[in-house]
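I have placed the structure first, in the form of structure tokens, so that the comments after it can refer back to it.
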Number of protein chains: 2
Amino acid sequence: MREHVTPERRRGTVRDLRRDNRSVLLWSLYFDQPCTRQELSRATGLSPASVSNVVRELIEEGVVAEAGAIDSDGGRPRVLLRMNSDYGYVIGVDVGETRVRVELFDLAMTERARVDSPLDPREHGVTTIVERIHEGLSAVLADAGVDASAVLGVGIGVPGVVEQGDEVLVHGQTYGWEAVPLERLLRAGTDLPLHIDNGANTMGRAEMWFGAGQGAQHAVVCLIGSGVGASIIAHGRTHRGSTSSAGEWGHTTVVVGGRSCRCGSTGCLEAYVGAEAVLDRYGRTPGQDEETALAALLDAAGRGEGDAARVLEETALYLGVGLADLINLFNPERIILGGWAGLLLGERLLPAIRDAARSNSLKHAFSSTSIELGKLGPEAVALGAATLPIELFLNGAQLSVADRRRSAG
Amino acid sequence: MREHVTPERRRGTVRDLRRDNRSVLLWSLYFDQPCTRQELSRATGLSPASVSNVVRELIEEGVVAEAGAIDSDGGRPRVLLRMNSDYGYVIGVDVGETRVRVELFDLAMTERARVDSPLDPREHGVTTIVERIHEGLSAVLADAGVDASAVLGVGIGVPGVVEQGDEVLVHGQTYGWEAVPLERLLRAGTDLPLHIDNGANTMGRAEMWFGAGQGAQHAVVCLIGSGVGASIIAHGRTHRGSTSSAGEWGHTTVVVGGRSCRCGSTGCLEAYVGAEAVLDRYGRTPGQDEETALAALLDAAGRGEGDAARVLEETALYLGVGLADLINLFNPERIILGGWAGLLLGERLLPAIRDAARSNSLKHAFSSTSIELGKLGPEAVALGAATLPIELFLNGAQLSVADRRRSAG
DNA sequence: CGAGGTTAAATCACGTCATTAATTAAGCCC
DNA sequence: GGGCTTAATTAATGACGTGATTTAACCTCG
């Protein structure tokens, strides 16, 4: 395809028009249900006739169902409509450091089944992970009593960069993965539609759809664990960049020539605010896992023990600087602090973090941003991953159960 | 309007369909002319019948004109089509530190008139600037012999943040401007449609449309002068953020607690690579302007005099770090280094800058990015500003001369 | 209990769109 | 000047959303 100077455009037909209008209606109903045809008309701008036509088709397909009625003031009662949560199912997979989690949700995002497979943190071979995912998919389908053909798709959150080209390649440095064709490997054991994305991005999606990011068009979801990353949302969409590696906030430099980072560079934000780095600074009891150790550090600071308070003060400073960089560069309306360490640190240090961010941001940019804690825990990676097929479905991609059943037939 | 969880969507009708398809065709012809109807059909995907219909309308409106023919191989000759450069005119305005530049272009972006109004760098009062712009608009119209009703619009590049709300407000800290309603003030003296944007963004547009950024969907245009800023391009569009202040790259922190910056903070990139900062580091002859002084610094380094080489080596390091931050966060396919100081530094130091960027970027992200010098000089701010009304026109906004003539009638 | 009124929803007629198929136009060659 | 080739236009068709009209589903009142 010939290069484009500005946003890529493609010609449309009346079929596209219908698909897009139906999509407008579905998104509206999905996030605001139940509601009436008249409410849908107001919310979408479509005429009552169009709403009636589109809703009839959706009811015929089983995507939407009537859900009771509201009495009118002497006139015909209004019928309430809702998504049919049993129309189809989605699966979210979280490939974490210590376990692979697989969750099956219905269309209302109600969890129907969950399976966790523990992982040896020293053993992240591709073959192992692929097996665990396959096992998990089979297990949740069985547990939920759901046929594979009823699954709209599987979203998978993985560590590292997910390059979406002719073939999906995963570059997971912390796992030692280099250009792993994960989708192809997974397809060897399942026919379910697969959608693979970076775990920080799927966490970001979860906060945007169901958590602290709801309603924001421009946001950054910052995740702090052992490592540090971010999901950048612009115009309601995840910004991925040209090869889907955007969001490596943890490897932006805050002190040129500063502390060594595990990525091989120096002065990275992660070397100052990543949980592993903070604990290295403070020292920790041998054999203690990071989460316990960080909680202990926070307790020690609360009791005024040793250097704990000073270490946390420094951490809040660097974290604030990192957030200020995002504020100056992106101008988000909201910054959401998440990740297991981000939530722990944030609960205690949010005022200090905000102060540091204010000091390092331009006045005007800072004044139009809020800094908040995420509402969803680290286990929302799978939930966020499950939104990947939901989005395609709501956009009218050829993804309906009927379509998949026809394809299989 | 009710909050949206994901990208905002609105319903369309067949009239929107037509406008959008016509827009697809216009963009194609604008950047690839002259060409035939068949080429337009291939490039846009529209059927020959649709191309014929849309082109006929555009010819009737005077937007497009036939421009000769190409013999066929025994068949009907192909007619070449081109934009009618005299269909309408646009004006670009560059509000710089030492002058206000106003340029009038035809649709082919050929300059038809230009006026520069020198400014006392200590005198950036709003009233002065507004007067200069008004004078410039009148002057270029007179010089080009163009009637005001033939102007599609005026694009204006200004320093600082341009907040597009109910009212356009300009916050230009270096000018001492705080929430200046520039559009309203300008409208008191002209009926021309006005489009105001930050000057770094308009420079970015120029490089994307006509310069080093052509063909890129994800890019960052970095501008280095006394100050430092960037224009972020995602999916071919300028990323502005929630209140249009995105791109403040110069105020991201590269050394926490480092050098004082003129913004009031410490450790900003601008304090390390802005021309003023670099010259302060090295020292300069009293009374010498920055551009001359920086050129002298580069010369001194070439001759091995004093600390010149060391200062430039340090500058390349910090600049590379700043670029690495952009690479890690945005994953652009191209980084364009511009601004008067950026071009000066880049001519000599590009290899060192790239090395520093490589050292501070994640391997994969760096490998998919190129770092290049801008092809357009600082005077492209006005050219880029002039693309603002062109974009609206090509998108089919109610902006045609016929529309404006009807509105004025 | 049926008629009238009110309000919601469905259906119909219409205008607009793009595409496919058919037709016309503009050359060249013999 | 007729036949052929290729480009461009026009006609017929099917799809769309909307405004207008009709039908449906209640409630109230006599």
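Heavy-atom basis, side chains included; hydrogens, waters and symmetry copies ignored. Proteins come first, then strands; the chains are lettered A, B, ... in the order of their sequence lines, and each starts at number 1.
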- Item | Side chain of A:Ser52 - closest among C:dA10, D:dC27, D:dT6 |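 In terms of side-chain proximity for A:Ser52, the closest of C:dA10, D:dC27, D:dT6 is C:dA10.
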- Which nucleotide in C:dT19, D:dT18, D:dG14 has an atom nearest any side-chain atom of A:Val14: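 Closest of the options to the side chain of A:Val14: D:dG14.
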- With a non-hydrogen cut-off below 4.0 angstrom, is A:Ser50 in contact with a base, only sugar-phosphate, or nothing?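 The residue A:Ser50 makes base contact.
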- Select base, sugar-phosphate, or nothing to describe what B:Ser47 touches, counting heavy atoms under 4.0 Å on all strands.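 Counting heavy atoms under 4.0 Å across all strands, the contact made by B:Ser47 includes a base.
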Any [X] side-chain nitrogen or oxygen under 4.0 Å from OP1 or OP2 of [N]:
{"X": "A:Arg15", "N": "D:dC16", "result": "yes"}
{"X": "A:Arg19", "N": "D:dC16", "result": "no"}
{"X": "B:Arg37", "N": "D:dT9", "result": "yes"}

- Message: Could you tell me if A:Asn331 and B:Thr243 have a donor-acceptor pair between their side chains, going purely by distance under 3.5 Å?
- Response: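 On atom types as modelled, these side chains qualify, holding a pair under 3.5 Å.
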- Query: Looking just at side-chain N and O atoms, do B:Asn201 and B:Thr238 make a donor-acceptor pair shorter than 3.5 Å?
  - Reply: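 There is no such pair between these side chains.
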- Query: Any ion pair linking B:Arg205 and B:Glu391 (charged N to carboxylate O, less than 4.0 Å)?
  - Reply: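 Here B:Glu391 pairs with B:Arg205 in a salt bridge, since their nearest N and O are under 4.0 Å apart.
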Rounded to whole Å, please give me the gap between [atom1] in [X] and [atom2] in [N].
{"X": "B:Ile70", "N": "D:dA8", "atom1": "CD1", "atom2": "C1'", "result": "15 Å"}
{"X": "A:Asn53", "N": "D:dC16", "atom1": "CG", "atom2": "P", "result": "9 Å"}
{"X": "A:Asn21", "N": "C:dC17", "atom1": "CG", "atom2": "C1'", "result": "14 Å"}

- Is A:Arg82 atom CZ crowded by more than 12 heavy atoms from other residues, nucleotides or ligands, each under 6.0 Å away?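 Enclosed: over 12 neighbouring heavy atoms sit under 6.0 Å from CZ of A:Arg82.
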- Message: Tell me whether A:Arg10 at atom CZ has more than 12 heavy atoms from other residues, nucleotides or ligands lying less than 6.0 Å away.
- Response: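 Count not over threshold, so no.
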- Comparing B:Gly12 and A:Asp73 on DNA chain D - which has the more 5′ nearest nucleotide: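 Its nucleotide being nearer the 5' end, the pick is B:Gly12.
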- Going by heavy atoms closer than 4.0 Å, what residues in residues 75-85 of chain A are next to DNA chain C?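 The stretch gives A:Gly75, A:Arg76, A:Pro77, A:Arg78, A:Val79 as the residues lying under 4.0 Å from the strand, ordered by number.
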- Message: Please report whether the ring centroid of A:Phe393 lies less than 6.0 Å from that of A:Tyr87.
- Response: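 Yes, they do, as the ring centres are separated by less than 6.0 Å.
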